[in-house]
Structures are given as C-alpha cells and as structure tokens.
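One structure below.
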Amino acid sequence: MKKNIKIIMIILLFTFILSACSINFSLPDINIKESSETSDLLIYFIDVGQADCTLIELPNGEEVLIDTGNTDDADLVIDTINSLNIDKIEYLILTHPHEDHMGSASDIIKEIEIEKIYIPDIESDAKFYEDAKKVIKSQNIPIIKATAGLTIIDIPDLTFKVLAPNSMYYSEMNEYSIVSRLEYKNTSFLFTGDAESVSELEMVNKGYYLKSDLLHVGHHGGRTSSSKKFLDSVNPKYSIISVGKDNIYGHPHEETLKRLKAVGTEIYKINELGTIIATSDGNKISIISDQLSINDSSATNQKVQFIGNKNTRKFHIPNCSSVKTIKEANRVSFTKRENAVNQGYEPCGSCKP
Ligand SMILES: [Zn+2]
Ligand SMILES: [Zn+2]
C-alpha cells in the first residue's frame, strides 16, 4: 500500500477512535501529499497514554514494534497494526518488563505474526510477563537477549543497532531498557525506553555515536532520565515524549523539559498532541499530528497561532498577556482557531476575533 494512503488511514483511524471516546476532534490540518509522497520511513508514536508503543514501517518493507503499551491497550494497538495492513512484525522489541511497556505483549503476540523478539536479560514475576513468556513459548518465536553492540539490521542506507543495556546488573529495572538507534540515509532516531541516567552515562562513556535527529525521550520525561551529558551527546532536533494526560507521576518533569530546551530541541508531547507520526525520506524529517501542520527544519513552531490553557479551557493569541501565566504542563498549542474551538476551548476576552 502506498505510504500516503497509509498515513490518511492512520489519521482516520485515530480520529475515529477519539470520536468514539466522544471527544470532538477534527481531521488534522496536514498537507499529506507533500509530507509523505517521498517518505519511506514512518514512525508512529502511538497514544497509549502513560505508556510506550512505537510502530516503525521501515523503507525495506519490514516492521518494528517497540513496546506494546499497557495491558488494556491491546485492542488499540492490534487495530492500528491491522488498519495499516501490516500482516507481520519482523522485530518486536520489548524494552523492559514493566507493564506500561509490555502489558499487552501476550495479546498482541496471539493476534499478530511476530518473527523475532528482543528483550533484555532480566526476568519479572509479574503476570503480564509470565503471560507473554507462555505465548512466546507456545508459538516458538525466537527470543534474542539484547545487549549493547547487537546489530539488528545493517543494509545499505539502513542500520538499526542496540546501544544499551551495557551492564549485567542494575539496581533499577528501568536501566535494563533496550536502547536502539535507527539510521536511514541522513536521518537518525534514538529510542530509549525507560533508560535512566546510569545507562545514559554508560553509553556516553563508552563513546557510542549517539547524535540523533529525533529522540524518543527516556522514561516519559522523568527527571532521572535525559541527563545533561546524554542530551549534549544526542543533541536531537526533535524530542517526542510519551506521556499520559494528568498522570500521577507528574511526567514530564519540569527539570527534564528545561534540560531539553537547553539543547534547543523541539518538544512534542503525546498528552497534548495524541499520536505523533514522524516521517523521513532519508534527508528530511516531518512531524505530523492531529494538532500540528507539517513541520520542517525551517518552519517549525511558526505555525502555532493559539495557545490554550487545559485548566480554564480558554485559548489565547501567543502574545496575549495571559499566556505567560499558563503553566507549561497546562499549555496546548493550536495551529488554527477552529481546532481550538472543536476541542471545546473558548477565546479569552481579549483574544476574541
Ligand atoms: Zn519502566
Ligand atoms: Zn515506562
């Protein structure tokens, strides 16, 4: 199926799912043709709330799924994979045995053909983990214990390599997270699971080439990940944070956002934008979501026309004096007035047309 048709389908699917939840979303304001006609690589950061699930359609026709979301996300993830006419996932990477990363693994493995599974060398006695192990065993799917240095794919123009874990033992389960780096022609992507500063520093100290155009920010933007040295080495242009609305952890933490801003990266949060799609033609990355127009290296953020406050449900023009009083965590940006209105926001007194 053509990639641009696929993008239309995925957006329709998410719009359908959101409208089924009785939230009134409009179709995204996206120039789909321009953004995807030459895009060979598609990465879907799926909105599974306070959890992780990333689906990657590689330019060689193979599919990668990094994490599966929580236990109750199985239907959403399976529907998404089916709606894209994906009949097989060649590489399932389960970054670490926490429920928000592999809670749906057993259900997904039952429904979708999986060729190989990559997990870190650490066990868990949690039910979701035991369930996943049983299904994997019954289907005879090869398991590869992933550690730093493993090459998953290495073909012309496309490499996919594991950069962590670098140690056998950590005191935190999150530090066992598989960290992987994908490079397609002149574009690169780093997926960090819930790796925290111990693992990050190991990668820096081992001298791995970490520089990447896009960073899937570690541990949902928690303060114990995204350490300064690591971010300096990655120096991402785009940062995606998988985080749920009003999550009990207060993710993403202010300190993390500050450190990200200090390296000049553009930040995209799933709690504000819903599912985020990154595309690459090998030279240019575009970020697409329900609430963003295409962004490219030059035009990013210039398209934010209105800023909303999630608490008061009012929206403002960017230079309205009220904007300064909105906490970062409560901000949401809109590219069009009608997008704000469609989501139930009202203009503030001084921002009425
Ligand atoms: Zn975790
Ligand atoms: Zn997590």
Side-chain angles (χ1 to χ4, degrees), residues 43-56 64-74 76-77 92-108 117-133 145-148 162-167 169-180 189-203 215-227 230 239-253 255-257 260 267-272 275-276 329:
I43 305 176
Y44 305 89
F45 298 93
I46 299 175
D47 181 4
V48 283
Q50 184 66 17
D52 265 26
C53 184
T54 307
L55 177 66
I56 307 172
V64 180
L65 185 66
I66 304 180
D67 289 333
T68 66
N70 263 309
T71 310
D72 54 6
D73 293 320
L76 168 72
V77 178
L92 171 60
I93 295 170
L94 301 169
T95 60
H96 65 297
H98 270 162
E99 189 165 5
D100 58 324
H101 293 258
M102 57 174 292
S104 290
S106 60
D107 286 343
I108 290 170
I117 297 176
Y118 297 79
I119 55 169
D121 194 3
I122 180 76
E123 298 277 322
S124 161
D125 50 16
K127 184 174 183 305
F128 68 86
Y129 186 80
E130 293 298 329
D131 289 349
K133 256 182 34 182
K145 295 275 168 84
T147 53
V162 175
L163 304 181
N166 283 279
S167 296
Y169 304 103
Y170 295 98
S171 56
E172 277 291 324
M173 178 65 92
N174 284 340
E175 301 284 19
Y176 287 89
S177 290
I178 296 175
V179 175
S180 54
F189 308 82
L190 191 63
F191 306 94
T192 57
D194 279 350
E196 299 189 25
S197 56
V198 170
S199 173
E200 290 177 347
L201 271 182
E202 283 178 338
M203 287 183 271
L215 170 67
H216 190 202
V217 175
H219 195 210
H220 320 278
R223 61 171 68 85
T224 47
S225 300
S226 307
S227 51
F230 181 71
S239 292
I240 311 282
I241 305 182
S242 289
V243 67
K245 287 189 181 103
D246 307 321
N247 65 81
I248 55 170
Y249 310 99
H251 291 155
H253 289 145
E255 303 95 298
T256 308
L257 294 173
L260 286 166
I267 300 169
Y268 299 89
K269 297 176 225 157
I270 284 179
N271 60 335
E272 293 176 356
T275 291
I276 295 167

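Hydrogens, waters and symmetry mates are skipped; everything else that's a heavy atom, side chains included, is used. Remember, it's 1-based here, ligands and their atoms both numbered in the order they're listed.
Within His220, the N/O/S atom positioned nearest the Zn ion (ligand 2) carries the name NE2.
Protein atoms that are N, O or S and lie under 2.8 Å from the Zn ion (ligand 1) are these: His96 NE2, His98 ND1, Asn174 OD1, Asp194 OD2.
Scored by the salt bridge (charged side-chain N to carboxylate O under 4.0 Å, His left out) test, Glu123 finds Lys133 as partners (sequence neighbours excluded).
Atom CD1 of Ile178 is separated from atom OG1 of Thr192 by 12.5 Å, given to the nearest 0.5 angstrom.
Aromatic ring pairs are classed by plane angle as parallel below 30°, tilted from 30° to 60° and perpendicular above 60°; the pair His253 and His251 is perpendicular. Using cut-offs of 30° and 60° for the angle between ring planes, the His98 and His96 rings count as perpendicular.
For the pair Val217 and Pro252, the minimum side-chain heavy-atom distance is 4.5 Å or more.
For the residue pair Glu99 / Thr71, a side-chain donor-acceptor distance below 3.5 Å is found, with atom types taken as modelled.
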